[in-house]
Enquirer: 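Questions regarding the structure given below will be posed in turn.
Everything quoted here is computed from the prediction, not taken from an experiment. Within every chain, numbering begins at 1; the chains are lettered A, B, ... in the order of the sequence lines, protein sequences first and strands thereafter.
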Amino acid sequence: MKPARTRFAPSPTGYMHVGGVRTALFAWLLARQTGGQFILRLEDTDKAREVVGSGQHIIDSLHWLGLDWDEGVDIGGPYGPYLQSKRLPTYKAWAEKLVAAGRAYADPYTPEEVQAFREQAQAAKQPFLYRNHRPEHPPVWDGSRPLRFKSDPKAYTWHDAVMGELHAGPEAIDDFILMKSDGYPTYNFAHIVDDLLMHCTHIIRAQEFISSVPNYLNLYEALEIERPVLATLPHILGPDGKKKLSKRDGAKDLLDYAHEGFLPEAMINFLASMGWNDGTEQEIFSVAELLQTFSLERVQKAGARFDEQRLIWMNGYHIRELPLDELYTKVGSFWPPEAKNATDEYKKQVLALVQERLKYFAELPALTAFFFADLPLNPKLWQTNKQLKKVEQHELNALLEQAKITLAASDFSNEDLTKRLNNLLEQTSQKPGVLFSLIRIATTQAPASPGLADTLQVLGKDTALRRIDAMLAAL
RNA sequence: GGCCCCAUCGUCUAAUGGUUAGGACACCGGGUUUUCAUCCCGGCAACCGGGGUUCGAAUCCCCGUGGGGUCACCA
């Protein structure tokens, strides 16, 4: 496959949400798997909506995911600048070319007049087409008025790398605005100029642009330029399956997932599996595997719902796959505050025990707090436990006393603990459900914990016996 | 409303004219000497409807229906 030059071109109007970032992922995958380049361009032509800091936020999000770019706003490149607001003379020059060719004209109407046309059309239940009001003798364009494209409406059939053959009639084409009266180009104009000048081979974007493509096709013709490969991705829908995922409807900031302790490789796996698969039954993909097998042709045409449950499962899966040392490094500062003075070695032992039940790092404190500090006695645990609530208090007390003696004799190696615990089971002729639950609750005061012998071993003798005493006093 | 796109279990999806329509998530059972989790086993659960074409249709065609997008000096 020929090297693809793809770009991700968001507008800095807010944080990155998971819907938008999939577009970046697919573009990045295509560039990387073909040995091409990936470009980050910022489309900051809407100064009214621009959110300060969101450009950096987008960069941070991509960094977190591990999507790197060869040219872009922050690092420059041979076809820069990559910030549209710094390219105004370029757009002006191309606009003037269109004016000179008689393919663009100044819009003589006031916004109110255009709005009146629009309402007229709406009242008549017709789509609004500006060109129905195209002025016969437009004023000279001096930049104070919007510049409109003088379209040449016709029917098009074109190929989309994802959607296949697409069609539209002349009614889909209109005299859209190229340059706004504030001197900035519209997206519709700027992206075409930039993609040409930056030699992009593929335009990968979301579905909402599909109805504008005939306009772009018409503009490519007017500009007499070759168009890149077009690839339209289906929407990612919100959990209700209705509308496309949007910030309004609670789409989370991508970095929120970072802060909750999701793994970038899990996020990438999840994002890729929404709307793409390789045709096999494989669910788990590493980035390297995605680079092997990804193709636009196998991207789904229908929208996909964002199912956070699936993301959580996938994240847990990737966590379990990690070697302990690597996981330990990644877990970083997610430990509970009580772990502040714990040694790396101790924390690693704890981590090894909870690795298989950790779905995302933010769960770590709840899962491990009792390893670092005595939790307050929680009578509910033994009062409501399915097995224990059937046993008399004094009997529990006696059992726990025996357990204490047994444990006091142990060297607290895993083998010895297991052996003595089993012996105790026989001596007391108790069900493990009763005896082990009791000891587990006594030594952890937690609703859940890893296996008993493992937990006791890591906790150590002193802590275990101290906690048993505390519970004994409360029984 | 015009135009455009889409349509398989609740969800993500496989199937490219011939399968008991497969897998995964979630959920529900059971097992792995306690809990939670992992792992294993099992269960639940889908081709939007109607017409064609064909020996044969989830797959091709048409018509409905449903959902989505778009019709901005936003991208």
Side-chain angles (χ1 to χ4, degrees), chain A residues 9-11 13 43-46 48-49 107 111 114-115 118 121-130 145-148 160 163 166-172 174 176-182 184-188 190-191 205-214 232 234-235 237 239 241-244 270 273-284 300-314 316-317 320 353-359 367 381 385-388 418 421-422 425 431-441 444 446-452 455:
Chain A
S11 70
T13 50
E43 310 213 321
D44 62 334
T45 54
D46 185 352
R49 282 163 199 255
D107 181 343
V114 177
Q115 184 56 25
R118 197 184 336 271
Q122 257 166 20
K125 304 225 175 212
Q126 295 288 313
F128 170 61
L129 281 175
Y130 180 94
R145 297 165 190 275
L147 183 72
R148 283 188 183 264
D160 184 283
M163 293 296 178
L166 259 20
H167 318 267
E171 65 283 342
D174 196 14
F176 61 91
I177 290 177
L178 302 165
M179 298 291 290
K180 299 183 268 188
S181 57
D182 63 1
Y184 286 89
T186 57
Y187 164 82
N188 297 143
H191 89 273
R205 65 185 20 139
Q207 220 183 14
E208 62 260 32
F209 294 102
I210 210 166
S211 52
S212 302
V213 169
T232 303
H235 277 135
L237 310 172
K242 295 287 183 200
K243 290 204 292 271
K244 68 173 175 174
F270 173 69
S273 77
M274 241 189 319
W276 173 87
N277 71 82
D278 71 345
T280 72
E281 287 182 350
Q282 185 169 350
E283 309 273 349
I284 301 296
Q300 209 76 222
K301 291 182 182 178
R305 286 192 211 190
F306 184 85
D307 182 5
E308 205 170 65
Q309 290 277 19
R310 194 173 154 79
L311 170 63
I312 290 171
W313 164 73
M314 224 171 234
Y317 194 101
R320 271 171 257 135
L353 258 32
V354 298
Q355 177 168 17
E356 70 185 22
R357 61 208 80 202
L358 195 57
K359 304 285 192 211
L367 254 29
L381 287 177
N385 178 285
K386 226 186 347 184
Q387 311 261 22
L388 297 188
T418 306
L421 252 14
N422 282 336
L425 219 42
K431 288 185 296 187
V434 173
L435 182 66
F436 290 175
S437 291
L438 181 64
I439 302 174
R440 193 191 66 74
I441 288 171
T444 65
S449 66
L452 186 53
T455 302

Enquirer: Less than 4.0 angstrom between a side-chain N/O of A/R357 and OP1 or OP2 of B/rU35, yes or no?
Expert: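 For B/rU35, OP1/OP2 do not have a side-chain N/O of A/R357 under 4.0 Å.
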Enquirer: Give a yes/no on whether any side-chain N or O of A/T45 is located under 4.0 angstrom from OP1 or OP2 of B/rA75.
Expert: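 Yes.
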Enquirer: Touch check for A/Q309, heavy atoms < 4.0 angstrom, all strands: base, sugar-phosphate only, or nothing?
Expert: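 Counting heavy atoms under 4.0 Å across all strands, the contact made by A/Q309 is with sugar-phosphate only.
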Enquirer: Describe the nucleic acid contact of A/S181 in one word from base, sugar-phosphate, nothing, applying a heavy-atom distance below 4.0 Å.
Expert: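 It contacts base atoms.
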Enquirer: Across the strands shown, which category fits A/H191 at heavy-atom distances under 4.0 angstrom: base, sugar-phosphate, nothing?
Expert: nothing
Enquirer: Base, sugar-phosphate alone, or nothing: which one does A/F270 contact when heavy atoms must sit under 4.0 Å apart?
Expert: nothing
Enquirer: Looking at every strand, decide which applies to A/P234 at a 4.0 Å heavy-atom threshold: base, sugar-phosphate, or nothing.
Expert: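 Counting heavy atoms under 4.0 Å across all strands, no contact is made by A/P234.
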Enquirer: Expressed as a whole number of Å, how far does the P atom of B/rU38 sit from that of B/rC28?
Expert: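 Nearest-Å result for B/rU38 against B/rC28 at atom P: 13 Å.
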Enquirer: Side chain to side chain donor-acceptor pair (under 3.5 Å) between A/Y130 and A/D107: does it pass, once the steps are laid out?
Expert: CA-CA 10 Å; A/Y130 180 94; A/D107 181 343; 2.7 Å; yes
Enquirer: Quantified in whole Å, what is the C1' atom distance between nucleotide B/rU8 and nucleotide B/rU70?
Expert: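 My reading of the C1' atoms in B/rU8 and B/rU70 gives 27 Å.
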Enquirer: Of all the nucleotides listed (B/rU13, B/rG1, B/rC4), which has the minimum atom distance to the side chain of A/I210?
Expert: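 The listed nucleotide nearest to A/I210's side chain is B/rC4.
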Enquirer: Does a nitrogen or oxygen in the side chain of A/Q300 sit under 4.0 Å from OP1 or OP2 of B/rA14?
Expert: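 It does, given that an N or O in the side chain of A/Q300 lies less than 4.0 Å from OP1 or OP2 of B/rA14.
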Enquirer: Hey, does the side chain of A/K180 come within less than 4.0 Å of B/rC74's phosphate (OP1/OP2), counting only N and O?
Expert: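 Answer yes for this pair, as a side-chain N or O of A/K180 is under 4.0 Å from OP1 or OP2.
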Enquirer: Quick one: does A/S11's side chain have a donor or acceptor within less than 3.5 Å of a partner on A/D44's backbone?
Expert: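 Not a single qualifying donor-acceptor pair exists.
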Enquirer: Any base atoms under 4.0 Å from A/S449, or only sugar-phosphate, or nothing? Heavy atoms, all strands.
Expert: base
Enquirer: Should A/K301 be listed as having a side-chain N or O under 4.0 Å from OP1 or OP2 of B/rC6?
Expert: yes
Enquirer: With a non-hydrogen cut-off below 4.0 angstrom, is A/L425 in contact with a base, only sugar-phosphate, or nothing?
Expert: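 Result for A/L425 = base.
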Enquirer: Does A/Q207 or A/H235 map to a spot on RNA chain B nearer the 5' end, using the closest nucleotide for each?
Expert: A/Q207
Enquirer: Mind checking the C1' distance from B/rU33 to B/rA24? Whole angstroms is fine.
Expert: 31 Å
Enquirer: Under 4.0 Å from OP1 or OP2 of B/rA72: is there any side-chain N or O of A/R118 that close?
Expert: yes
Enquirer: What's the gap between B/rG23 and B/rG42 when it is taken at their P atoms, as a whole Å value?
Expert: 10 Å
Enquirer: Has A/K359 got a side-chain atom pairing as donor or acceptor with A/Y317's backbone, closer than 3.5 angstrom?
Expert: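 No.
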Enquirer: Check whether any side-chain N or O of A/T455 sits under 3.5 Å from a backbone N or O of A/P450 as a donor-acceptor pair, and report yes or no.
Expert: yes
Enquirer: Rounding to an integer number of angstrom, what distance separates B/rA46 and B/rU13 when you compare their C1' atoms?
Expert: 12 Å
Enquirer: If I pick the P atom on B/rA15 and the same atom on B/rA7, what distance separates them, to the nearest angstrom?
Expert: 13 Å
Enquirer: Using a 3.5 Å distance criterion without hydrogens, assess whether the side chain of A/S437 forms a donor-acceptor pair with backbone atoms of A/V434.
Expert: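 Side chain of A/S437 to backbone of A/V434: no pair is present.
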Enquirer: Verify the distance criterion only: is there a donor paired with an acceptor across the side chains of A/D278 and A/T280 at less than 3.5 Å?
Expert: yes
Enquirer: Specify whether A/H191 and A/Y187 have parallel, tilted or perpendicular ring planes, treating 30° as the upper limit for parallel and 60° as the lower limit for perpendicular.
Expert: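 Rings of A/H191 and A/Y187: parallel, as their planes differ by under 30°.
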Enquirer: Could you check which of B/rU34, B/rC5, B/rG22 has an atom nearest any side-chain atom of A/E281?
Expert: B/rG22
Enquirer: Could you check whether A/G451 gets within reach of a base, just the sugar-phosphate, or nothing at all, counting any heavy atom under 4.0 Å?
Expert: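 Here A/G451 touches the bases of the nucleic acid.
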Enquirer: For atom P, what is the distance between B/rC12 and B/rG1, given to the nearest Å?
Expert: 26 Å
Enquirer: With respect to the side chain of A/R310, which nucleotide from B/rC12, B/rG69, B/rC74 is positioned closest?
Expert: B/rC12
Enquirer: Which part of the nucleic acid does A/P450 contact within heavy-atom distance under 4.0 Å: base, sugar-phosphate only, or nothing?
Expert: base
Enquirer: Which is true for A/R145 with a 4.0 Å heavy-atom rule: it touches a base, it touches only sugar-phosphate, or it touches nothing?
Expert: nothing
Enquirer: Given the structure, check if the side chain of A/E283 and the base of B/rG23 hold any donor-acceptor pair shorter than 3.5 Å.
Expert: yes
Enquirer: Do the side chain of A/R440 and the main chain of A/P447 share a donor and acceptor less than 3.5 angstrom apart?
Expert: yes
Enquirer: A/R305 side chain N/O closer than 4.0 Å to the phosphate oxygens (OP1, OP2) of B/rU11?
Expert: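 Yes, because at least one side-chain N or O of A/R305 sits under 4.0 Å from OP1 or OP2 of B/rU11.
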Enquirer: Is A/N422 side chain donor-acceptor paired with the B/rU33 base, going by distance under 3.5 Å alone?
Expert: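 When only heavy-atom distances are counted, A/N422 does reach the base of B/rU33 through a donor-acceptor pair under 3.5 Å.
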Enquirer: For B/rA14, take OP1 and OP2 only and decide whether either is under 4.0 Å from a side-chain N or O of A/N277.
Expert: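 Answer yes for this pair, as a side-chain N or O of A/N277 is under 4.0 Å from OP1 or OP2.
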Enquirer: For nucleotides B/rC27 and B/rC44, find the distance between their C1' atoms and express it as a whole number of Å.
Expert: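 So the two C1' atoms sit 8 Å from each other.
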Enquirer: Give A/R205 one of three labels, base, sugar-phosphate or nothing, depending on what nucleic acid heavy atoms sit under 4.0 Å from its own.
Expert: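 Since no nucleic acid heavy atom lies under 4.0 Å of A/R205, the category is nothing.
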Enquirer: Respond yes when some side-chain nitrogen or oxygen of A/K359 is under 4.0 Å from OP1 or OP2 of B/rC25, and no when none is.
Expert: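 For B/rC25, OP1/OP2 do not have a side-chain N/O of A/K359 under 4.0 Å.
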Enquirer: Contact class for A/G169 vs. all strands (heavy atom < 4.0 Å): base, sugar-phosphate, or nothing?
Expert: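 Answer is nothing: A/G169 stays at 4.0 Å or more from every strand.
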